[in-house]
Amino acid sequence: MTLANREKKIVLTGDRPTGPLHLGHYVGSLQNRVEMQDRHECFIMIADTQAMSDYFEKPELVARSVREVFKDYIAVGISPKKSTIFVQSKVPELFELTSYYMNLVTVARLERNPTVKSEIQQKGFESSVPAGFLCYPVSQASDITAFKASIVPVGEDQLPLLEITNEIVRRFNRMYGEGVLVEAQALLGKVDRLVGIDGKAKASKSMNNAIFLSDSPEIIREKVFSMYTDPNHIQVSDPGRIEGNVVFAYLDAFFEDKEELQSMKKRYEKGGLGDVTLKSLLNEILQKLLSPIRERRQSIEEEKEILEILKAGTERAREIARKTTEQVREAIGIQYWA
Ligand code: ATP
Ligand code: MG
């Protein structure tokens, strides 16, 4: 066995196709995926069934976004030759696993989960949470364990969900025996939670407060110049605040010259550095980052090609999920025949 083989781990990540991907995804997990695909066995799932759990009234948005997300993947440098990109709904074994795992977690545990709790609030589901939404962390456990993934590149909001996965794995192992399911570890990105352009805690699709990877140069500029800085920083000479300043949060995430950034922060705090200068710099950095991504995205217009790649990836993923599901049935003792 070569060293490279020995180091190989199984990685599972994915996104819900509910719109195009944004800079939060980029720093939260996309960068890690691109970096890992040369060293590990990577599975990238387009979680359309999970997306249905809060967009069941807009299935056309989910269907359309499958292609958008795929294009974003290719645009950032994920290669279907290295990573297996697949569509969740076409791997029915995942839903069989979910059925078994549902018995290994309580409703109270799901309701208490901080991520689920805040999403229920954000979506206004408090009085009537759809069962499907409440149970989506269980379906995530299926996705991760079906591939026996030990690494899951995600943003910080996913940590409580991964805990549920590992609790299910431990419960399964105690009850039905070890050897089939493995626990997984989160791999956080360079920035584990990028703030929204409106200053809210997290840039997200549903809050429409993100810069999308497919945004035009004009929109990027507009979004950067709309960013919240410090309301008391009116004149260039006024002292300004760094804390809570969205432009600095983005410079922290995307400006590579940390020394220069440090000295800019000092100047800003003292007074003498204007918001327009800051925003122009951030705009320039983001344009440089996103321009090749946008170009690569535009080069994949062929609908047929997209579906063929997705189909091949899904077949490969299904083969693996099928094997794990058989092992799960055997462990439980309900594999009546092979
Ligand atoms: P929604 O608003 O519909 O929940 P989203 O923008 O939060 O969408 P998700 O599909 O929920 O995106 O997240 C996909 C992955 O990207 C997850 O691993 C999540 O942690 C990560 N992610 C999303 N937004 C950010 C962000 N602002 N910073 C870091 N990681 C993020
Ligand atoms: Mg989210």
Side-chain angles (χ1 to χ4, degrees), residues 11-36 42-59 61-62 64-66 68-70 72-73 76 78 85 87-88 113-125 130 132-134 136-137 139-141 143-144 149 151-165 184-215 223 227 246 249-250 252-254 286:
V11 178
L12 182 281
T13 78
D15 300 283
R16 296 169 322 127
T18 54
L21 300 183
H22 52 72
L23 284 177
H25 295 116
Y26 186 75
V27 286
S29 71
L30 291 174
Q31 275 182 319
N32 268 336
R33 302 179 196 181
V34 174
E35 199 256 319
M36 294 187 98
C42 292
F43 294 91
I44 303 181
M45 182 180 78
I46 304 185
D48 60 335
T49 307
Q50 194 183 311
M52 289 292 289
S53 74
D54 55 330
Y55 283 87
F56 59 91
E57 287 166 310
K58 292 185 187 165
L61 169 80
V62 174
R64 189 172 3 106
S65 303
V66 168
E68 294 311 304
V69 168
F70 177 85
D72 282 326
Y73 286 163
V76 296
I78 290 171
I85 307 174
V87 178
Q88 183 187 29
N113 187 279
T115 304
V116 176
K117 228 167 142 174
S118 73
E119 285 174 345
I120 284 174
Q121 225 170 6
Q122 189 204 323
K123 290 173 205 300
F125 279 159
F133 187 80
L134 187 66
Y136 89 77
S139 103
Q140 262 181 234
D143 308 332
I144 296 166
I151 303 180
V152 187
V154 282
E156 183 235 22
D157 60 312
Q158 295 289 311
L159 295 180
L161 301 177
L162 212 64
E163 257 174 57
I164 291 191
T165 292
Q185 222 181 0
L187 177 73
L188 292 177
K190 196 168 120 192
V191 180
D192 54 24
R193 181 156 45 106
L194 186 71
V195 295
I197 54 172
D198 55 358
K200 292 223 176 81
K202 184 175 162 270
S204 97
K205 275 173 289 187
S206 54
M207 292 198 274
N208 200 16
N209 62 353
I211 295 179
F212 293 98
L213 301 179
S214 48
D215 275 344
K223 287 183 177 174
M227 279 178 181
V246 179
Y250 275 72
D252 276 333
F254 299 101
L286 294 184

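Just follow the structure's listing: the first ligand is 1, and inside any ligand the first atom is 1. FYI, side chains are in, hydrogens and waters are out, and symmetry mates aren't considered; it's all heavy atoms of this structure.
- Remark: T165 OG1 to Q158 CD distance equals 9.5 Å, nearest 0.5 Å.
- Partners of F125 according to the ring-ring contact (aromatic ring centres under 6.0 Å, His included) rule, which considers only residues two or more places apart in sequence or in another chain, are F133.
- By the ring-ring contact (aromatic ring centres under 6.0 Å, His included) test, Y55 is found to be paired with no residue, residues two or more places apart in sequence or in another chain being considered.
- The ring-ring contact (aromatic ring centres under 6.0 Å, His included) test applied to F43 returns F147, not counting sequence neighbours.
- Listed by chain and residue number, the protein contacts of ligand 1 are D15, R16, T18, H22, G24, H25, G28, V154, G155, D157, Q158, D192, R193, L194, K202, A203, S204, K205, S206 (heavy atom within 4.0 angstrom).
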Take Q140 and Q50 through the side-chain hydrogen bond (donor to acceptor under 3.5 Å, both in side chains) test and state the conclusion after the steps. CA-CA 8 Å; Q140 262 181 234; Q50 194 183 311; 3.3 Å; yes
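- The residues K123 and D54 are annotated as salt-bridged, a charged nitrogen and a carboxylate oxygen being separated by less than 4.0 angstrom.
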